[in-house]
Number of protein chains: 2
Amino acid sequence: MTLDTRLSWTDVRDQVRARILNRTYAPGDRLPRDEDIAQELGCARTTVHRAMQDLALSGLVERKRKGGTHVRADPVTRATFDIPITRREVEDRGAKYNYQLISREMEQTPRAVMARFGLQAPAQMLRVRALHLADNRPYILEDRWVDTTSTPEILKVDLAQHSANEWLVRNKPYSRVDVRFSAITAEGTTAEYLAAPLGSALFVIERTTWIGADPITTVQSVAAPGYQLVAQS
Amino acid sequence: MTLDTRLSWTDVRDQVRARILNRTYAPGDRLPRDEDIAQELGCARTTVHRAMQDLALSGLVERKRKGGTHVRADPVTRATFDIPITRREVEDRGAKYNYQLISREMEQTPRAVMARFGLQAPAQMLRVRALHLADNRPYILEDRWVDTTSTPEILKVDLAQHSANEWLVRNKPYSRVDVRFSAITAEGTTAEYLAAPLGSALFVIERTTWIGADPITTVQSVAAPGYQLVAQS
DNA sequence: AAGTGGTCTAGACCACGGA
DNA sequence: CCGTGGTCTAGACCACTTG
């Protein structure tokens, strides 16, 4: 008698993964063709394909047409992070959210901002600086540039009431995003607004978006001391 | 005449995404059932399913059985990062890689390490401190704890020759990983080893792995000043 | 109870890329 | 060239979740 339950693609994935973990398929090895695995385990090739797709996505194997499926010799750790609207992030922590507009002016983009957008020449953009608070304590200081050519509507928004962060996320879909993380030292007004000791280390998220080839916005979000970003399971 | 090329799932995805971007389907809206979209576009339901799966993965829509597919009202930015072996990371930048073992001793785990593993009681583990260099300049300082119960083989490895990082990644598969990022201030020996000015901000990656329920290793990797982590496209 | 997404199957054809 | 993964189809059944 064999089991009467059918094999699901997660079962197949787990079996193949187990074989990789226990070195039946060692790093660098080529795995059997999908069809052979399907026959061996008694399921359709599509099911094996679905399983392999998942293993490839998580970085455990590499697949190429004709080349077959190989166990990665240098596995990478692949981690995914969700960056929600700041208000949501604060509220999800059970804290009270507040927001303060610091400044809102048209300015010429400095070199650093041009670089983030990949622009050759400087442009006039709306610069918005604002502070997000959790339980009335500084949480994130954002320094944002909005391209008023692609997003003229931002000029009509009352940024003292609604954060540009929230308005943009809700109203301005993007087609491409660049995200990068780094660390900076608390200095000058940044330290003041965040109530951070001078010289303390601050976590920084830079996020730049485009719609097609047109810039929308770039923001440098500096978090208060102690901030930690955790990968999604 | 209609087009004679068949619709691929990426075509379907792009069409649906376009409708979300142009507000045909607005945030919070419920999309038509997969089957209706399939009929409208003239393809199989499976194809629509594949497209929707991708949109759900990227965080644009949410799907529930019976509940249908909804456009997310609060879109999240979802970013994926690849964390390769340090040697590879250095070499991929076109730099020369070097490695120095700093210390290697059995020690009792402090509170912070117990917390990362979720342990109730302290344990004896192998603590390995090492420096990775790029073009002979400090690149990453790692402070690692290895559970010699789950990974006794580590005791036979000559860690002066091969970094624990590399040996573990190549030889010790894990079933669960926790990754988190933060920022710390350069102090004491950390600053010395990284040749970083006292008080400068340093980017930190913490990575902890388990096999089943058993701890394998946890490492705090502190990067030299200027380090930046960029999301995968 | 019933609607909707999730999955499996079997078969066909396509497209990339190694030999 | 031709082997291998990638995709599409049509149909069936399952499983979750909401009304």
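In what follows, every heavy atom counts, from backbone to side chain, and hydrogens, waters and symmetry copies are set aside. Values in this document were obtained by computation on a predicted structure and should not be read as measured data. Numbered from 1 within each chain, the chains take letters A, B, ... in sequence-line order.
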Return the residues of residues 60-76 of chain A meeting this criterion: a heavy atom under 4.0 Å from some atom of DNA chain C. Order them by number, or give none.
A:K64, A:R65, A:K66
Could you check which residues of residues 23-39 of chain B get a heavy atom under 4.0 Å from DNA chain C? Sort them by number, please.
B:R30, B:R33, B:D34
Under the side-chain contact (heavy atoms from CB on, under 4.5 Å) test, residues paired with [X] that sit two or more places apart:
{"X": "B:P27", "value": "B:R23"}
{"X": "A:R72", "value": "A:E62, A:V76, A:R78"}
{"X": "B:S58", "value": "B:L60"}
{"X": "B:T151", "value": "B:V146, B:E153, B:I154, B:W167, B:L168, B:K172, B:I216"}

Whether the side chain of A:D11 engages the backbone of A:S8 through a donor-acceptor N/O pair (distance < 3.5 Å, no angle test) should be reported.
yes
Go through DNA chain C in 5' to 3' direction and return only the first and the last nucleotide with some atom under 4.0 Å of chain A's heavy atoms.
C:dT7 to C:dG18
Tell me which residues in residues 40-50 of chain B put a heavy atom below 4.0 Å from DNA chain D, sorted by number, or none.
B:C43, B:A44, B:R45, B:T46, B:T47
Could I get the full list of ring pair (Phe, Tyr, Trp, His ring centres under 6.0 Å) partners for B:Y174, not counting sequence neighbours?
none
Can you name the ring pair (Phe, Tyr, Trp, His ring centres under 6.0 Å) partners of A:Y97, sequence neighbours left out?
A:H132
Between the OG atom in B:S163 and the CG atom in B:L131, the distance rounded to the nearest 0.5 Å is 11.5 Å
Classify the ring geometry between A:F203 and A:F181 as parallel (under 30°), tilted (30 to 60°) or perpendicular (over 60°).
tilted
Can B:T209 and A:T77 be said to form a side-chain contact (heavy atoms from CB on, under 4.5 Å), step by step?
CA-CA 10 Å; B:T209 56; A:T77 299; over 6 Å; no
Could you give all pairs that pass the salt bridge (charged side-chain N to carboxylate O under 4.0 Å, His left out) test and reach residues 205-215 of chain B, with sequence neighbours left out?
B:R116-B:E206
Where at least one partner belongs to residues 38-57 of chain B, residue pairs that pass salt bridge (charged side-chain N to carboxylate O under 4.0 Å, His left out), sequence neighbours excluded
B:R13-B:D54, B:R19-B:E40
